[in-house]
Amino acid sequence: MQELLSGGPIKSHWDVTTSLSDEEWRQMIDVHLGGTFFCTREALKLMVQKNRGSIINMSSVAGLNGIALAAHYGAAKGGILGFTRSVALEMATRNIRVNAICPGCIETPMTEYFTPFLKMSITARIPMMRWGQPEEIAATALFLASDDSAYYTGQWLSPNGGLFTG
């Protein structure tokens, strides 16, 4: 980081993707994109019987903007967005809505191990200057599952405190 701020040439690089193993890549894609596919497919089997339903897929701001040091995660989450849009188009005539949530930085057990410096560095990039709470993601999901979002399909909502505004 100091190299970047100094304005001089960068001499050290992260190069995470060049050392990412095939196994690490496949596992990330399988868990996030594969898991979303398998859950969606099974839910659709039930929903098509009633010609009604709402599917909410979990993506991330990493799927919208990319993420340094975790290209495999960004690719999986970006894939979920493409999958969401495709299935939404396919299922619209059955009155089945398919949308995604792309959370930003959320206080969860996954992030409790971040160092104070890392959390502070990330928080400094969030215009609202705070991390989101799980309840804020739940409220977004409740909206997408409700009839209040009856005209939403193939969309993403991103509760992220202004971290991504695209």
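It should be emphasised that the depicted structure is a prediction, and the values quoted were computed from it without experimental measurement.
The distance from the CG atom of Leu33 to the CZ atom of Phe38 is 9.5 Å, given to the nearest 0.5 Å. For the atom pair SG (Cys105) and CZ (Arg125), the distance works out to 7.5 Å, reported to the nearest 0.5 Å. Rounded to the nearest 0.5 angstrom, Ile122 CD1 and Phe117 CZ are separated by 10.5 Å. Rounding to the nearest 0.5 Å gives a distance of 15.0 Å between CZ of Arg52 and CZ of Arg94. Taken from CE in Met47 to CG in Asn95, the straight-line distance is 11.0 Å, to the nearest 0.5 Å. A distance of 14.5 Å separates OH in Tyr113 from OG1 in Thr115, rounded to the nearest 0.5 Å.
The shortest non-hydrogen separation linking Met58 to Ile137 is CE-CG2, 3.9 Å. When all heavy atoms of Asn160 and Ser158 are compared, the closest pair comes out as ND2-OG, 2.7 Å. Residues Ile67 and Gly74 come closest through the heavy atom pair CG2-N, 3.9 Å. Pro159 and Ile101 make their closest contact through CD-CG2, 3.9 Å (heavy atoms, listed as atom of the first residue, atom of the second, distance). Pairing each heavy atom of Ile80 with each of Ser59, the nearest pair is CG2-CB, 4.1 Å. A pairwise comparison of heavy atoms in Asn57 and Ile55 identifies OD1-CG2, 3.6 Å as the closest pair.
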Taking it one step at a time, do Asn65 and Leu163 satisfy side chain to side chain contact (heavy atoms under 4.5 Å, CB included)?
-> CA-CA 10 Å; Asn65 200 44; Leu163 180 64; over 6 Å; no
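Identified under the salt bridge (Lys or Arg N to Asp or Glu O under 4.0 Å) test for residues 126-144, with sequence neighbours left out: Arg130-Glu136. Screening residues 96-124 for salt bridge (Lys or Arg N to Asp or Glu O under 4.0 Å) gives Glu107-Lys119 as the qualifying pairs, with residues at least two apart or on separate chains.
The closest donor-acceptor contact from the side chain of Asn99 to the backbone of Trp156 lies at 3.5 Å or more, if one exists at all. Side-chain atoms of Ser60 do not come within 3.5 Å of backbone N or O of Cys102 as any donor-acceptor pair. In this structure, the side chain of Ser54 does not engage the main chain of Ser146 through any donor-acceptor pair within 3.5 Å. Under a 3.5 Å cut-off, the side chain of Thr111 and the backbone N or O of Thr108 do form a donor-acceptor pair. Checking side-chain atoms of Asp15 against main-chain N and O of Thr18 turns up no donor-acceptor pair under 3.5 Å.
A 4.5 Å side-chain heavy-atom check between Pro127 and Thr165 finds every atom pair outside the cut-off. Under the 4.5 Å side-chain criterion, counting only non-hydrogen atoms from C-beta, Met91 is in contact with Val48.
The aromatic rings of Phe143 and Tyr152 sit perpendicular to each other, their planes meeting at more than 60°, with 30° as the lower class boundary.
Hydrophobic clustering (side-chain heavy atoms under 4.5 Å, transitive across Ile, Leu, Val, Met, Phe, Trp, Tyr) groups Val61 together with Ile126. A single hydrophobic cluster is not seen to contain both Leu157 and Trp131; linkage of ILVMFWY side chains at heavy-atom distances under 4.5 Å, directly or through other members, places them apart. Side-chain heavy atoms closer than 4.5 Å link hydrophobic residues (I, L, V, M, F, W, Y) into clusters, and following such links, possibly through other members, connects Ile29 to Leu20.
Other residues, nucleotides and ligands contribute over 12 non-hydrogen atoms within 6.0 Å of the CD atom of Gln133. Within a 6.0 Å radius of NZ in Lys45, more than 12 heavy atoms belonging to other residues, nucleotides or ligands are found.
Between Glu23 and Arg26, none of the side-chain N atoms (NZ, or NE/NH1/NH2) sits under 4.0 Å from a carboxylate O, so this pair counts as no salt bridge.
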